[in-house]
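Everything numeric here is computed off the predicted structure, so don't read it as measured data.
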Amino acid sequence: MQNFINWDKIVSSQISGIEFPICDRNFVLAEIAQRFPKEKIYFWNQGYRYLQEFQQNRLEAVLDYCVSENAEVLELAHSLDEGILIVEGMGQIESNEILAYQLENLYFDPQRKTRLILADHLITIPDSLYSIIPKIKVKLPNILEIKSFISEDTTEHSNESCSQYVGLSYGEISLLNQKKMSTEDILAYKTAKLASKGLQITPTPDVESIGGLDLLMRDLNKIRKLFHPSAYERGLRPPKGCLLWGLPGTGKSLTAKMLSKILKVPLISCNWNQLVSSSLSESLQNIDLVFQLVDSIGSCVIFFDEFEKAFFGWNSGDAGGVMAKMAGYLLSWMQDHTSPSIMVATINRLDMLPPELIRRFEYVWFFDINLHNGGMYEVLKVHLNLHFPGFHEQFEDDNWYRIFSEYRSCSPAELAGAVRRVHDEIFYLDLHNELTVEILIEYLVRERRNFRPGVSDPKISDALAVIRRTADFARPVQGKDRSRFASPPIKLFQQKKSLLPEDYTCAI
């Protein structure tokens with residue numbers, strides 16, 4: 001296991017900290033024992049009555065040293081003549097002033113001969129002790145490290161068996177591999193683990209493309225090209241963060257799914273609220289696990305939906321303190337991480353995000369509700385082809401203009417929902433076996449009269465107006481209508497002619 005522990009910090013420091021998943025404890029102890037073969041390796045946590053010595057990959061009680069609390073084990077660090085003492089469960093130094101002073105005194109004790117290592121899943125060190133207590137983190141292994149580790153653990157492995165362990169720690173990989181669990185069982189284990197932290201692997205979208213958003217698709221294809229090795233050779237890189245801004249139903253979530261499909265990488269959906277726990281340390285541990293997983297996977301899209309709700313009250317009160325710390329952690333990761341992963345977040349209200357966080361998103365797209373004729377045509381074509389393959393190709397232009405007039409001001413989600421409900425109705429009436437273009441168009445028109453577009457709600461229209469006034473800096477997702485359905489320009493003093501059939505009256 002190469003690079004399992006950063007030995008430079010351990011060897012050069014008399015007191016240090018190691019963060020790692022609990023199931024990796026034996027691996028950490030074995031690595032330390034291998035690195036210091038002439039030293040005695042002691043271990044203790046509050047679950048033991050006696051100090052434990054690590055010998056031959058197992059812990060054995062040292063009956064000469066009965067220890068019942070943290071203070072006593074630190075006294076042992078003063079009195080032991082030699083060896084390395086590893087103490088688990090004392091990682092929250094920042095919130096324990098007495099412990100901080102005890103560690104400071106231990107560091108400056110000239111008689112001390114024992115090296116102290118603090119072990120925990122999360123270690124918080126106050127600023128005053130950073131210079132004397134460095135910490136390292138045992139990260140989740142990537143695919144190459146997993147392949148090397150499995151080769152040591154067993155002779156039976158393949159590329160597929162390695163990739164299925166991505167996102168798991170060394171201890172988990174060893175345990176699951178020894179049990180010879182099937183791929184389905186490993187996937188179920190990973191799914192349950194991710195779900196407990198608010199994560200899930202999102203399936204690819206069931207549509208071929210994002211209809212009507214031509215400028216957005218151009219940007220997505222540009223991002224795809226930035227993943228090519230030739231881009232790295234020129235010093236270019238893909239964006240680390242993309243922000244999708246607009247009202248619900250405008251295609252933001254579909255865009256995140258489509259980006260992962262274009263890049264051919266997994267989409268990891270994350271519920272930020274599930275990362276927030278009752279304590280700051282646990283909350284930071286949760287978000288750290290998320291970003292470790294992202295970095296271990298490598299190329300992926302991590303997706304936060306309705307991201308602004310996660311930061312409600314981020315700068316006020318106790319909850320604000322937790323949110324501010326988590327926002328700071330997120331900012332650091334977005335700036336410093338080197339893995340080829342992209343964070344994508346959807347928001348309805350930009351003003352609820354911390355300003356410094358907004359600046360980390362290199363692409364900010366604004367999704368408007370209004371679609372021109374060409375945009376509606378592209379959206380409807382995608383969903384008609386999904387539910388009624390081949391029928392939209394038989395539509396006359398007059399049919400299209402009729403549908404455009406009926407569905408004016410409808411969002412992409414409302415267009416998709418209408419087509420799906422028409423399919424439900426036609427199936428319910430057993431018309432699918434004798435369906436014609438005329439029947440399909442009439443049911444599309446009838447379905448439009450069964451609902452009101454969301455923008456007709458004064459609250460939604462007012463919110464949209466506010467967004468439009470402040471969205472100048474965002475990138476548009478829809479260009480000019482260059483389709484055959486674009487209305488011809490009106491010259492001065494020229495009366496606009498209706499493009500609809502003369503015998504058709506538009507129903508609003």
If you apply the rule ring pair (Phe, Tyr, Trp, His ring centres under 6.0 Å), what do you find for His121 with Phe20, and how did you get there?
CA-CA 5 Å; His121 61 272; Phe20 58 89; 9.4 Å; no
Short side-chain to backbone donor-acceptor contact, His372 and Gly479, under 3.5 Å:
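Yes.
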So, the side chain of Glu308 versus the backbone of Asn348: is there a donor-acceptor pair under 3.5 Å, distance only?
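Side chain of Glu308 to backbone of Asn348, a donor-acceptor pair under 3.5 Å: yes, one is there.
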Is the shortest distance from a Lys or Arg side-chain nitrogen in [X] or [Y] to a carboxylate oxygen in the other one below 4.0 Å?
X: Lys252; Y: Glu306; value: no
X: Arg420; Y: Asp424; value: yes
X: Asp288; Y: Lys137; value: yes
X: Glu362; Y: Lys240; value: no

With side chains defined as the heavy atoms from C-beta onward, is the minimum distance between Leu331 and Tyr329 less than 4.5 Å?
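Not touching, per the 4.5 Å side-chain cut-off.
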Should Leu415 and Met376 count as side-chain neighbours, where that means a heavy-atom distance under 4.5 Å?
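Yes, close enough: below the 4.5 Å cut-off.
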Is the charged tip of Arg421 near the ring of Phe451: under 6.0 Å from the six-membered ring centre and within 45° of its axis?
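Yes - Arg421 lies over the ring of Phe451, closer than 6.0 Å to its centre and within 45° of its axis.
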Heavy atoms of other groups near Lys222 NZ, more than 12 under 6.0 Å
yes
Can you confirm whether Arg237 is buried at CZ, in the sense that more than 12 heavy atoms of other residues, nucleotides or ligands lie under 6.0 Å from that atom?
yes
Assess whether ring pair (Phe, Tyr, Trp, His ring centres under 6.0 Å) is satisfied between Phe149 and Tyr170, documenting all intermediate values.
CA-CA 8 Å; Phe149 174 66; Tyr170 287 108; 5.1 Å; yes
Over 60° means perpendicular and under 30° means parallel, so tell me whether Trp272 and Phe307 are parallel, tilted or perpendicular.
perpendicular
Heavy-atom closest pair, residues Glu19 and Ile123
OE2-N, 2.8 Å
